[in-house]
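Notes follow the structure.
Just so we're clear, the structure is a prediction, and the values are computed from it rather than from any experiment. Residue numbering restarts at 1 for every chain, and letters A, B, ... go by the order of the sequence lines.
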There are 2 protein chains.
Amino acid sequence: MATIRDVARLAEVSVSTVSLALSNPGRVSPKTLERIRDAVAAVGYVADPLAQSLARGRSRMIGFVVGNVGNPFFGDIRRELENYALEHDHFVLITDSSGKLDRERALVEHLAGLKVAGLVLAPSGHGRDYVDFVHGLKIPTVCFDQKVPGIERDFVGSDNYLAGAMLTEHLLQLGHRRIAFIAGPHHMHTASERLRGFTDTMASAGVEVRPNLVVDGQFTRSAGYEAAMRLLIQPERPTAILGANNAVALAALQAMQELGFNCPDDISLAMIDDVQWSNVITPRITMVVQDTLKLGGIIARRVLHRIMSPEGAADPPQDFVLTPRFVPGASCRRI
Amino acid sequence: MATIRDVARLAEVSVSTVSLALSNPGRVSPKTLERIRDAVAAVGYVADPLAQSLARGRSRMIGFVVGNVGNPFFGDIRRELENYALEHDHFVLITDSSGKLDRERALVEHLAGLKVAGLVLAPSGHGRDYVDFVHGLKIPTVCFDQKVPGIERDFVGSDNYLAGAMLTEHLLQLGHRRIAFIAGPHHMHTASERLRGFTDTMASAGVEVRPNLVVDGQFTRSAGYEAAMRLLIQPERPTAILGANNAVALAALQAMQELGFNCPDDISLAMIDDVQWSNVITPRITMVVQDTLKLGGIIARRVLHRIMSPEGAADPPQDFVLTPRFVPGASCRRI
DNA sequence: GGTAGCCATCGAACCGGTTCGATAGTTCAG
DNA sequence: CTGAACTATCGAACCGGTTCGATGGCTACC
């Protein structure tokens, strides 16, 4: 592997001139520049990113930290970020915290050690400690999905209150009154907002929400399955189930199928967020989806803006909240 | 951030002794070792991974390169690798080539520049150039999923011939004769092996394979959908469709649903590889699945073995081929 | 008692770049 | 013709570690 000294020797200039020529071509005489460029081509020189990062104190990499890279929601955003970053000569390091707080922390610290230029983070923590931790990072950071109160960082996400409200309203208009809600972890902003959208809308319609029809599904498949089972074995079963995310809703569908209930004839179902193969799932689930491509685009532009422009770095943190979209399916019946 | 010189100053030893003490505690006197350890704790010293990698010429990171990190097959393997790597103090860098050859190459080169200790690669290329490229990497590498002929590297994968043969045999035993096959890219080893398993088994049973019933689905959803459509609009429709992977098979299911065909009453369907929500897809698809956890375990152990032990580095390349498992569903009817 | 051998520690060079103050050489105004 | 201002280039220090040959003190053997 050729080093910068090989280039310098061949071009008969000093090492510092080569470095200058490559990072700031305008400040070197045309003649010298040409000699250096020829030499670079001749020895096939490529700067060592490690050495560059060490010397500069920062790399051209962007850390991407989410709870589950397999989730298509994160996948779309990742793809947008990767493409945009690549156009601007940056490289995305993907990491997966499995939703575990300590793992996330270790990952972020590792990325900070790698001196990443920026960080795109779907937070899985909350509370004072966590806020302090994120705040202590001297790295341009864009948070998304989970809005963590107190974190003074850019945030990009969807209107989760509205998402919960839209589906609730839809079910109410179809005549449902006994609507169950499978919630996510209460400390997660998305989860609490979606729940709030549900309860508020029910209240506005003057419909009582029975406490035993609001169950916790932890946003996971297994907990969602158990929660759904608890709902389905009640004597007064709900006529509709609203899943706060894709995992709990599909777990509920599975539970229904296993117990012999037909959806939507026996029980209606609606969910927030799509899954990859939703259009071969029978029935097509009625849902509210986020505009992942747009979210990804905003995230990408925002983080690279902060990284690359001096005024961008100084920009005060800003929130970007998108309106989710209602996608009708065949899983909700009029009663 | 504290540096090694801060530690040296506080412990009143030289920098080189600190370095020695941390990397090889046995070669430093107990007294000195203790002073150094106290100093490390006092200043909160953590070695800069970048500087270490630069000096050592290699990092403690493992590059993971696949075509689609959203695919649960890769997800399971990634998780196994991450856990095992973490236990051995290594860190996995995930990258996604989107199945594009040039992108994969750029990623691998970037990882090489980062001086990764090892590489876990699901190749998406083939041919002389590609083999030379991979061969030129002076990095412990484990390839998986795609067996590329000529690459002298460890390989971990499943018996794809058998996978194709098992499902074909199953359909034959149910009485099917007009069986269609939606294939993958012919240059991919998994695709060609699965197809070979199909044609061989058909031939052994003395059943003719009509050329127009073998279509190319490129292993993608969109191409699979088109291929399925071509099959379904033929006057002599197949009685069963065998999808060479999950994407083309589910795309076929979608096409059937859209054209009003019932599965399995009108047409049976079987596929190779699972998807995340397969058990809420109606009908439950009959399939052959790979033991992803085991594959991931083998991959993880193999690459870390090569990285960490001197004899491991010298081991000749080896192939590990696992037997896939038949998972009956409700998508294949006796005729 | 002299010296061979070992052990703990150190200094210096190195990994491959960046950065900044210093130094010539050139241009231009007075 | 002098000196200020600017330009092109360079040397040295630095980023934060690792590595290896050198050094000096100590034990042990003859």
Side-chain angles (χ1 to χ4, degrees), chain A residues 1-37 39-40 43-61 89 91 109-110 112-117 138-139, chain B residues 1-37 39-40 43-61 89 91 109-110 112-117 138-139:
Chain A
M1 202 78 289
T3 76
I4 199 172
R5 305 181 207 261
D6 299 328
V7 176
R9 201 173 309 128
L10 189 57
E12 297 181 304
V13 293
S14 74
V15 167
S16 47
T17 304
V18 177
S19 178
L20 186 64
L22 295 177
S23 61
N24 206 336
R27 271 175 44 191
V28 155
S29 78
K31 268 178 24 200
T32 314
L33 184 57
E34 200 193 321
R35 280 219 316 285
I36 290 175
R37 291 212 162 131
V40 165
V43 301
Y45 169 72
V46 181
D48 182 329
L50 238 41
Q52 276 191 138
S53 304
L54 179 62
R56 285 208 251 249
R58 70 138 108 173
S59 68
R60 299 187 75 79
M61 303 187 290
D89 202 25
F91 182 85
E109 269 162 2
H110 201 106
L114 256 32
K115 306 203 173 41
V116 289
K138 299 297 171 223
I139 304 173
Chain B
M1 204 76 284
T3 76
I4 198 172
R5 309 190 200 253
D6 299 328
V7 176
R9 201 173 309 129
L10 189 57
E12 297 179 306
V13 293
S14 75
V15 168
S16 48
T17 304
V18 177
S19 178
L20 186 64
L22 295 177
S23 61
N24 206 337
R27 271 175 43 191
V28 156
S29 76
K31 266 178 25 200
T32 315
L33 184 57
E34 200 193 323
R35 281 220 315 287
I36 290 175
R37 290 209 162 135
V40 165
V43 301
Y45 170 73
V46 181
D48 182 330
L50 238 41
Q52 276 191 137
S53 304
L54 180 62
R56 285 209 251 248
R58 71 137 106 175
S59 69
R60 299 187 76 78
M61 304 186 290
D89 201 24
F91 181 84
E109 270 164 1
H110 201 106
L114 256 31
K115 307 207 172 38
V116 290
K138 299 295 171 225
I139 303 173

Report task. Kindly check if the number of other-residue, nucleotide or ligand heavy atoms within 6.0 Å of CD (Glu109(A)) is above 12? Result ->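 Yes, enclosed.
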Reported [atom1]-to-[atom2] distance for the pair [X] and [Y], which is rounded to 0.5 angstrom:
X        : Y        : atom1 : atom2 : answer
Arg9(A)  : Ser14(A) : CZ    : OG    : 13.0 Å
Leu33(A) : Leu20(A) : CG    : CG    : 10.0 Å
Glu12(A) : Thr17(A) : CD    : OG1   : 12.5 Å

Base, sugar-phosphate, or nothing for [X], non-hydrogen atoms under 4.0 angstrom?
X        : result
Ser16(B) : base
Leu50(B) : nothing
Val46(B) : sugar-phosphate
Ser19(A) : base
Val15(A) : base

Requested in this report: Let me see the working for Val40(B) and Leu22(B) under side-chain contact (heavy atoms from CB on, under 4.5 Å), right down to the final yes or no.
Outcome: CA-CA 10 Å; Val40(B) 165; Leu22(B) 295 177; 4.3 Å; yes
Donor-acceptor list for residues 53-61 of chain B side chains, cut-off 3.5 Å, not counting sequence neighbours:
from, atom 1, to, atom 2, distance (Å)
Ser53(B), OG, Pro49(B), O, 2.7
Arg56(B), NH2, Gln52(B), OE1, 3.1
Ser59(B), OG, Met61(B), N, 3.2
Ser59(B), OG, Lys115(B), O, 3.0
Arg60(B), NE, Asp89(B), O, 3.3

Query - Pairwise 5' ranking along DNA chain D for Leu33(A) and Ala51(B), keeping only the more 5' one - result: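 Comparing both residues, the 5'-ward one is Leu33(A).
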Requested in this report: Report the distance from atom CD of Glu34(B) to atom P of dA8(C), rounded to the nearest whole Å.
Outcome: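 Answer to the nearest Å: 16 Å.
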**Report entry** Bounds of contact between DNA chain D and chain B, in 5' to 3' order, using a heavy-atom cut-off under 4.0 Å
**Finding:**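 Taking any atom under 4.0 Å from a heavy atom of chain B, the span is dG16(D) to dT19(D).
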Query raised in the report: On DNA chain C, nearest-nucleotide positions of Leu54(B) versus Leu22(A): which is more 5'?
Result: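 With Leu54(B) and Leu22(A) compared, the 5'-side residue is Leu54(B).
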**Report entry** Ser29(B) vs Ala2(A), nearer the 5' end of DNA chain C by closest nucleotide
**Finding:**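 Counting from the 5' end, the first nearest nucleotide belongs to Ser29(B).
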Report task. Examine dT9(C): is either OP1 or OP2 under 4.0 Å from a nitrogen or oxygen in the side chain of Thr17(B)? Give yes or no. Result ->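 Answer no for this pair, as no side-chain N or O of Thr17(B) is under 4.0 Å from OP1 or OP2.
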